There are 2 protein chains.
Amino acid sequence: MNAPVFNNRDCGSCPIRHQAICSRCEQDELDYLDSVKYYRSYDAGQPVVWAGDPLDFVATVVVGVASLSQTMEDGRRQMIGLLLPSDFLGRPGREAVSYDVTAVTDLTLCCFRRKPFEGLLKTSPHIGQRLLEKTLDELDAAREWMLVLGRKTAREKIASLLSIIARRASSLMALKAPDGFAFDLPLTREAMADYLGLTLETVSRQMSALKKDGVIQLEGNRRVRVPDFAKLVAETGDDAGDLFGG
Amino acid sequence: MNAPVFNNRDCGSCPIRHQAICSRCEQDELDYLDSVKYYRSYDAGQPVVWAGDPLDFVATVVVGVASLSQTMEDGRRQMIGLLLPSDFLGRPGREAVSYDVTAVTDLTLCCFRRKPFEGLLKTSPHIGQRLLEKTLDELDAAREWMLVLGRKTAREKIASLLSIIARRASSLMALKAPDGFAFDLPLTREAMADYLGLTLETVSRQMSALKKDGVIQLEGNRRVRVPDFAKLVAETGDDAGDLFGG
DNA sequence: TAGCCACCTTGATCCAGGTCAACCGCGGAC
DNA sequence: GTCCGCGGTTGACCTGGATCAAGGTGGCTA
């Protein structure tokens, strides 16, 4: 077991990989980490865990998209988070997860068994800090989303979702390109509806309306072209001040 | 500067106080902590910070209630969090705060200057762990709230809010009392509306409806009596499985 | 005692988005 | 090829909650 192996792991920006090449870490720790780290793959549509079930690992998304969602007894469903590559899944210190996790597209996770990971958190402050950082980001995103869910119109909701996915899928340069840019929508209309607190019919209608108004173009159902990103952002109802920001 | 002073600080369950009496901590750290810790008070209705303004401290709520909210340019407002005693405010590693913080009732915060606190996080893993724990709890609560905002009816939203406040204001024993229990509502109808993504008229109507149906009794506008907690929870639309849980 | 103001309630009407239903179009199985 | 089923679109109609408007109530000041 020697050092280089930690550097060519392809984990996206997973916090552990960062940790593995951190010069302040002791070698023992790295060896230990490597021994508990493994990969898991899921097909699109496949469940990762159900709400209430124990989750014996924590993980980061390497490739693909996963959704976190809650379902009421009568079937009403709300997506409460979308995990894109580099996002963290799982809760150290708690065995069960309180929402359903589903692979939206084909998905690969980089996993760590939960118990050893928790031990690591106690002894390695860097990992905890990194994780705290990520959790705070997620909290900010969740709060941002509460404004979308609580106060925005259907059209504004759609525009908000598209602009968020566009930002995460495209480089800053692409967003600013004068002739626009395109991206793939990893979600079905139904999944979009679940995320936005709408019905799929309303999603479909508003997508059509945004198309008719020239805010977006559709190249097939799942590919969106944005001729002018500022125009899309203007439809979100947000302050345009942070147009190219977080 | 001697040790006892750290033990009789009344900070609720503020993570620092816990830290201060933690046997694993070094005395230097405690002295340091004490030197950067101070209290701030706000009158009901007073702003603590506006979105985008720098916040030079992090804090925990000692007494009172604070709200976190976001406002759109046209005035639509969404409350995105409610801080009750022991809750944490502020974001280590970021200067500005992205939402308005307002004192809902008279409020006292236990504050730490941000820079020294960040230094402390680096050197004292216990504080970071404790904070991560709290942040994860807040994230869970935020996600729970997304279901409320996105999918629940007005009546279910009101019932959800009442049951959450009831849980935090009352002991487990009180919740189970066969003759019911009462609690003070720290929010105006307008603040409730902001939290729930409703108008204040709808809040008022649904409060009246719940009263008419015997789910709650009103002892004045701001005091709520719950004759049967299970009946209230049944109105939230949630699975009743965790009736007395988190 | 009156008058004011912040907070709350209630009524009448409107409309965004939900519901129900029909249909389209494409890819995969046979 | 043809069929089928899934994902998407569009239309017609309905309704829950928003909007607009008019009081009510209780605590404070003068």
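To find a chain, count down the sequence lines: A is the first, B the second, and so on, and within it residues start at 1. Given the structure is predicted, the values throughout are model-derived calculations rather than measurements.
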**Prompt:** Hey, does B:Trp145 have a side-chain heavy atom less than 4.5 Å from the side chain of B:Ile164?
**Reply:** yes

**Message:** Set out, in order, the CA-CA distance, both residues' side-chain angles and the distance that settles salt bridge (Lys or Arg N to Asp or Glu O under 4.0 Å) for A:Arg225 and A:Asp179, then state yes or no.
**Reply:** CA-CA 10 Å; A:Arg225 169 160 288 282; A:Asp179 52 342; over 6 Å; no

**Request:** Identify whether the distance between the nearest side-chain nitrogen and carboxylate oxygen of A:Arg91 and B:Glu133 falls below 4.0 Å.
**Result:** yes

**Request:** Before giving the answer on ring pair (Phe, Tyr, Trp, His ring centres under 6.0 Å), spell out for B:Tyr38 and B:Phe112 the whole-Å C-alpha distance, their side-chain angles and the decisive distance to 0.1 Å.
**Result:** CA-CA 7 Å; B:Tyr38 59 102; B:Phe112 305 84; 8.0 Å; no

**Request:** Please confirm whether the backbone N or O of A:Lys157 pairs with a side-chain atom of A:Lys152, one donor and one acceptor, at under 3.5 Å?
**Result:** no

**Item:** Atom-to-atom span, NZ of A:Lys212 to P of D:dT9 - whole angstrom
**Value:** 15 Å

**Asked** Is a donor on one side and an acceptor on the other found under 3.5 Å between the side chain of B:Asp100 and the backbone of B:Gln70?
**Response** no

Could you list, one pair per line, each protein nitrogen or oxygen that sits under 3.5 Å from a nitrogen or oxygen of nucleotides 17-20 of chain C, together with the distance?
| unit_1 | atom_1 | unit_2 | atom_2 | d |
| --- | --- | --- | --- | --- |
| C:dG17 | OP1 | A:Ala154 | N | 2.8 |
| C:dG18 | OP2 | A:Thr199 | N | 3.4 |
| C:dG18 | OP2 | A:Thr199 | OG1 | 3.2 |
| C:dG18 | OP2 | A:Thr202 | OG1 | 2.5 |
| C:dT19 | O4 | A:Arg205 | NH2 | 2.7 |
| C:dC20 | N4 | A:Glu201 | OE2 | 3.1 |

**Prompt:** Do the side chains of A:Arg143 and B:Leu68 get nearer than 4.5 Å, heavy atoms only?
**Reply:** yes

**Prompt:** What's the CG-P distance between A:Leu218 and C:dG25, to the nearest Å?
**Reply:** 15 Å

**Neighbours of DNA chain C within residues 182-194 of chain B, by heavy-atom distance under 4.0 Å** = B:Thr188, B:Arg189

**Prompt:** Under 6.0 Å from the CD atom of B:Gln46, do we count more than 12 heavy atoms belonging to anything else shown?
**Reply:** yes

**Request:** Round to a whole Å and report the spacing from CG of B:Asp74 to P of D:dA18.
**Result:** 15 Å

**Request:** Can you tell me the distance, in whole Å, between the CG atom of B:Leu200 and the P atom of D:dT19?
**Result:** 11 Å

**Asked** Does the B:Arg114 side chain pair with the main chain of B:Leu55, one donor and one acceptor, at a distance under 3.5 Å?
**Response** yes

**Separation of atom CE in B:Met207 from atom P in D:dG17, rounded to whole Å** = 16 Å

**Request:** Answer yes or no: is there a side-chain heavy-atom contact under 4.5 Å between A:Arg205 and A:Arg155?
**Result:** no

**Prompt:** Across the strands shown, which category fits A:Arg222 at heavy-atom distances under 4.0 angstrom: base, sugar-phosphate, nothing?
**Reply:** sugar-phosphate

**Request:** Take the protein atom CD1 of B:Ile158 and the nucleotide atom C1' of D:dG16, then report the distance between them rounded to whole Å.
**Result:** 14 Å

**Request:** Report yes or no: does A:Ser170 contribute a side-chain atom to a donor-acceptor pair with the main-chain N or O of A:Arg167 at less than 3.5 Å?
**Result:** no

Anything under 3.5 Å between a protein N or O and an N or O of nucleotides 22-27 of chain D, put it in a table, one pair a line.
none

